[in-house]
Amino acid sequence: MGTELRKVFSWDINNLSDENHPIRSKSFSSGGGCEWCIILHPKGYPGYDNHLSLFLNVPNLESLRLGWKRRTRFFFVILNQSGNELCRSPNDQSCLFCAEATQWGFRKLLPLTKLLEDHDNNKKLTFQVHLEVV
C-alpha cells in the first residue's frame, strides 16, 4: 500500500489568548473521501491547563462507510505573525484513524508561557498540519 496523498492545511487564528474554549477549524479534504479538521484547545486539554493542545480529527465519521480506516503520518507547525516557527510537533506520528479512534494529537504541544513571552508577535498564529494518508 503506497502513499495516497500529501497535504498541508493552514489555519489562521487572531487573538488566540482571548479564546477560552476548544476551537474547530473548517473541514478540509485530503482526497479519496477523507475529510479532516483541526481541534485546538487554546487553554489546554482538560488536565493539561498550562499547554496549548492540538488534534487532527475526523469530523463526520457517521458519513463514512462501515469499516472505514485510514493510516496517516502527520505533524503540526505553529507560526507567529512574522512567519517564524514557534513549535513543531514530532513528525514521526503514525496513527490509524477509524470509528474507535477519530482523533489523534498532542495534549502538551506548546507551553502557554511561550505564547505570552512575545504577545505582540503572537496576536495572529498560523496552525499547519502536514498530512500524509497511506
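FYI, the numbering just counts along the sequence from 1. Predicted, not measured: the structure shown is a model, and the values here were computed from it.
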Next on the checklist: Would you say Phe74 ends up clustered with Val77 if hydrophobic residues are merged whenever their side chains have heavy atoms under 4.5 Å apart, either directly or through other cluster members?
Outcome noted: no
Next on the checklist: The test is side-chain hydrogen bond (donor to acceptor under 3.5 Å, both in side chains); show your working for Gln128 and His130 and say whether it passes.
Outcome noted: CA-CA 6 Å; Gln128 295 179 336; His130 296 251; 3.2 Å; yes
Checklist entry - Is Phe9 atom CZ crowded by more than 12 heavy atoms from other residues, nucleotides or ligands, each under 6.0 Å away? => result yes
Checklist outcome for this item: Closest non-hydrogen contact found for Cys98 with Lys69 is CB-CG, 3.8 Å
Item to check | Same cluster (ILVMFWY, side-chain, under 4.5 Å), Val58 and Ile23 | outcome: yes
Checklist entry - Would you say Pro90 and Phe106 make side-chain contact, with heavy atoms under 4.5 Å? => result yes
Checklist outcome for this item: Between Cys37 and Lys26 the two heavy atoms that sit nearest each other are CB-O, 4.1 Å
Checklist entry - Is the side chain of Trp104 donor-acceptor paired with the backbone N or O of Leu96 at a distance under 3.5 Å, no angle test? => result yes
Item to check | Donor-acceptor pair, side chain of Asn80 and main chain of Gly83, under 3.5 angstrom | outcome: yes
Next on the checklist: Over 60° means perpendicular and under 30° means parallel, so tell me whether Phe97 and Trp36 are parallel, tilted or perpendicular.
Outcome noted: perpendicular
Next on the checklist: To the closest 0.5 Å, what do you measure between CG (Leu40) and CZ (Arg24)?
Outcome noted: 13.5 Å
Checklist entry - Are Leu110 and Leu115 close enough that some pair of their side-chain heavy atoms sits under 4.5 Å apart? => result yes
Next on the checklist: The test is side chain to side chain contact (heavy atoms under 4.5 Å, CB included); show your working for Leu109 and Ser53 and say whether it passes.
Outcome noted: CA-CA 6 Å; Leu109 185 60; Ser53 305; over 6 Å; no
Next on the checklist: Go through it in stages, so that I can follow the logic: the residues are Arg71 and Ser94, the test is side chain to side chain contact (heavy atoms under 4.5 Å, CB included), and I'd like the CA-CA distance, side-chain angles, deciding distance and then a yes or no.
Outcome noted: CA-CA 7 Å; Arg71 168 90 36 209; Ser94 177; 3.6 Å; yes
Item to check | Any side-chain heavy-atom pair of Thr113 and Asn50 under 4.5 Å | outcome: no
Next on the checklist: Would you compute the distance between atom CD1 of Ile39 and atom CD of Gln103 and round it to the nearest 0.5 angstrom?
Outcome noted: 4.5 Å
Item to check | Expected output: side-chain Ser89 to main-chain Phe76 donor-acceptor under 3.5 Å | outcome: yes
Item to check | Flag side-chain contact, heavy atom, 4.5 Å: Leu54 against Ile38 | outcome: yes
Next on the checklist: Side-chain heavy atoms nearer than 4.5 Å, only ILVMFWY residues, links allowed to pass through others: does that put Trp11 and Leu16 together?
Outcome noted: yes
Next on the checklist: So, taking the atom named OG in Ser30 and the one named CZ in Arg70, what distance separates them when rounded to the nearest 0.5 Å?
Outcome noted: 7.5 Å
Next on the checklist: Would you compute the distance between atom NE2 of His51 and atom NZ of Lys108 and round it to the nearest 0.5 angstrom?
Outcome noted: 5.0 Å
Checklist outcome for this item: Sorted by chain and residue number, the side chain to side chain donor-acceptor pair (under 3.5 Å) partners of Thr126 (sequence neighbours excluded) come out as Asp12
Checklist outcome for this item: Between the NZ atom in Lys7 and the OG1 atom in Thr72, the distance rounded to the nearest 0.5 Å is 15.0 Å
Checklist entry - Got a donor-acceptor contact below 3.5 angstrom from the Lys43 side chain to the Leu112 backbone? => result no
Next on the checklist: Check for me, please, whether Phe55 and Phe127 land in the same ILVMFWY cluster - side-chain distances under 4.5 Å, paths through other members count.
Outcome noted: no
Item to check | Considering all heavy atoms, the nearest Glu35-Ser29 contact | outcome: OE2-CB, 3.4 Å
Checklist entry - Linking I/L/V/M/F/W/Y whenever their side-chain heavy atoms sit closer than 4.5 Å, directly or via other members, would Phe28 and Leu125 fall into one cluster? => result yes
Checklist entry - Can you check side chain to side chain contact (heavy atoms under 4.5 Å, CB included) on Asn84 and Leu79, steps first, answer last? => result CA-CA 5 Å; Asn84 296 321; Leu79 306 171; over 6 Å; no
